[in-house]
Participant: 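Here it is: the structure, laid out below.
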Amino acid sequence: MARRRLWLVGAVLFTLVNLGGIVIALRAGEGNHAGVHVGLTIVGAYAAWRLMRRSREPAAVAGSGDRLEYLQESVDAIALEVERIGEAQRFDAKLRQERGEPSS
């Protein structure tokens, strides 16, 4: 049980670090780099979700409705951020095209 909890903490930290990497890469104008971080964030969120699902015990099922709702809100927030990042990349590409600059 302790090992699963450690893996879960690792997966959550991995996801958060990659969320930060998205922001940093976008500010640096590195669209491809940010795209890699988006993919890694999705992988990390999926891993955390799977680990949370596996770590549930039968006794904890009664109170899992709140956890499931919290997890759903977290996934929705990540999806919203990924959409915002994609929109920023499209906007950046459009500006570069209008200026005649080569895309990265």
Side-chain angles (χ1 to χ4, degrees):
M1 186 69 158
R3 183 179 276 181
R4 281 189 184 156
R5 194 170 300 274
L6 186 61
W7 276 105
L8 176 60
V9 169
V12 169
L13 288 175
F14 178 81
T15 303
L16 293 175
V17 165
N18 279 294
L19 278 173
I22 293 168
V23 174
I24 292 169
L26 284 177
R27 285 188 179 172
E30 299 175 352
N32 292 337
H33 184 179
V36 170
H37 280 289
V38 168
L40 291 173
T41 299
I42 292 169
V43 169
Y46 177 73
W49 175 73
R50 289 290 303 246
L51 288 166
M52 286 176 61
R53 223 175 80 187
R54 286 185 181 179
S55 67
R56 290 187 188 150
E57 296 176 6
V61 173
S64 66
D66 293 336
R67 281 198 223 160
L68 186 60
E69 185 176 330
Y70 177 75
L71 180 62
Q72 181 64 44
E73 290 172 3
S74 299
V75 170
D76 289 343
I78 290 171
L80 181 63
E81 289 302 317
V82 168
E83 179 59 34
R84 286 179 182 167
I85 290 165
E87 192 64 37
Q89 287 178 337
R90 287 188 289 275
F91 180 74
D92 183 51
K94 180 181 173 186
L95 285 179
R96 287 176 188 255
Q97 183 181 19
E98 290 174 357
R99 293 180 188 160
E101 295 177 8
S103 59
S104 56

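Everything numeric here is computed off the predicted structure, so don't read it as measured data. Atom set for the values below is all heavy atoms of this structure, side chains included, hydrogens, waters and symmetry mates excluded.
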Participant: Determine, stepwise, if the pair Val82 / Thr41 fulfils side-chain contact (heavy atoms from CB on, under 4.5 Å).
Facilitator: CA-CA 9 Å; Val82 168; Thr41 299; 5.5 Å; no
Participant: Are any of the side-chain heavy atoms of Ile22 and Leu19 separated by less than 4.5 Å?
Facilitator: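 Side chain of Ile22 against side chain of Leu19, heavy atoms only: contact under 4.5 Å found.
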Participant: Would you name the heavy atoms of Gly44 and Thr15 that are closest together and state the gap between them?
Facilitator: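 Closest approach of Gly44 to Thr15: C-OG1, 2.9 Å.
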Participant: Nearest 0.5 angstrom please: Glu30 CD to Asp92 CG, how far?
Facilitator: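 Answer for the CD-CG pair, Glu30 versus Asp92, is 11.5 Å.
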Participant: Under 4.5 Å between side-chain heavy atoms, counting indirect links through other Ile/Leu/Val/Met/Phe/Trp/Tyr residues: same cluster for Tyr46 and Met52 or not?
Facilitator: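 Same cluster: Tyr46 reaches Met52 through Ile, Leu, Val, Met, Phe, Trp or Tyr contacts under 4.5 Å.
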Participant: Connecting only ILVMFWY residues whose side-chain heavy atoms lie within less than 4.5 Å of each other, what is the rest of Val36's hydrophobic cluster?
Facilitator: Phe14, Leu40
Participant: Determine the minimum heavy-atom distance between Ala11 and Leu51, stating which atoms define it.
Facilitator: CB-CD1, 4.1 Å
Participant: Measure across Val12 and Ala48 and return the closest heavy-atom pair with its distance rounded to 0.1 Å.
Facilitator: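 Of all heavy-atom pairs spanning Val12 and Ala48, the closest is CG2-CB, 4.1 Å.
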Participant: Looking only at heavy atoms, what is the nearest atom pair of Ala34 and Gln89, with distance?
Facilitator: CB-NE2, 3.7 Å
Participant: Is Arg84 salt-bridged to Glu87, cutoff N-O under 4.0 Å?
Facilitator: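 Answer for the salt bridge query: no.
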Participant: Rounded to the nearest 0.5 Å, what's the gap from CD1 on Ile78 to CD on Glu83? Could you check?
Facilitator: 14.5 Å
Participant: CG of Leu8 to CG of Leu13: how many Å apart, nearest 0.5 Å?
Facilitator: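 Answer rounded to 0.5 Å: 9.5 Å.
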Participant: Tell me whether Val9 is reachable from Leu71 by hopping between hydrophobic residues (I, L, V, M, F, W, Y) whose side-chain heavy atoms are closer than 4.5 Å.
Facilitator: no
Participant: Taking only residues at least two apart or on different chains, which pairs with a member in residues 69-96 satisfy ring-ring contact (aromatic ring centres under 6.0 Å, His included)?
Facilitator: none
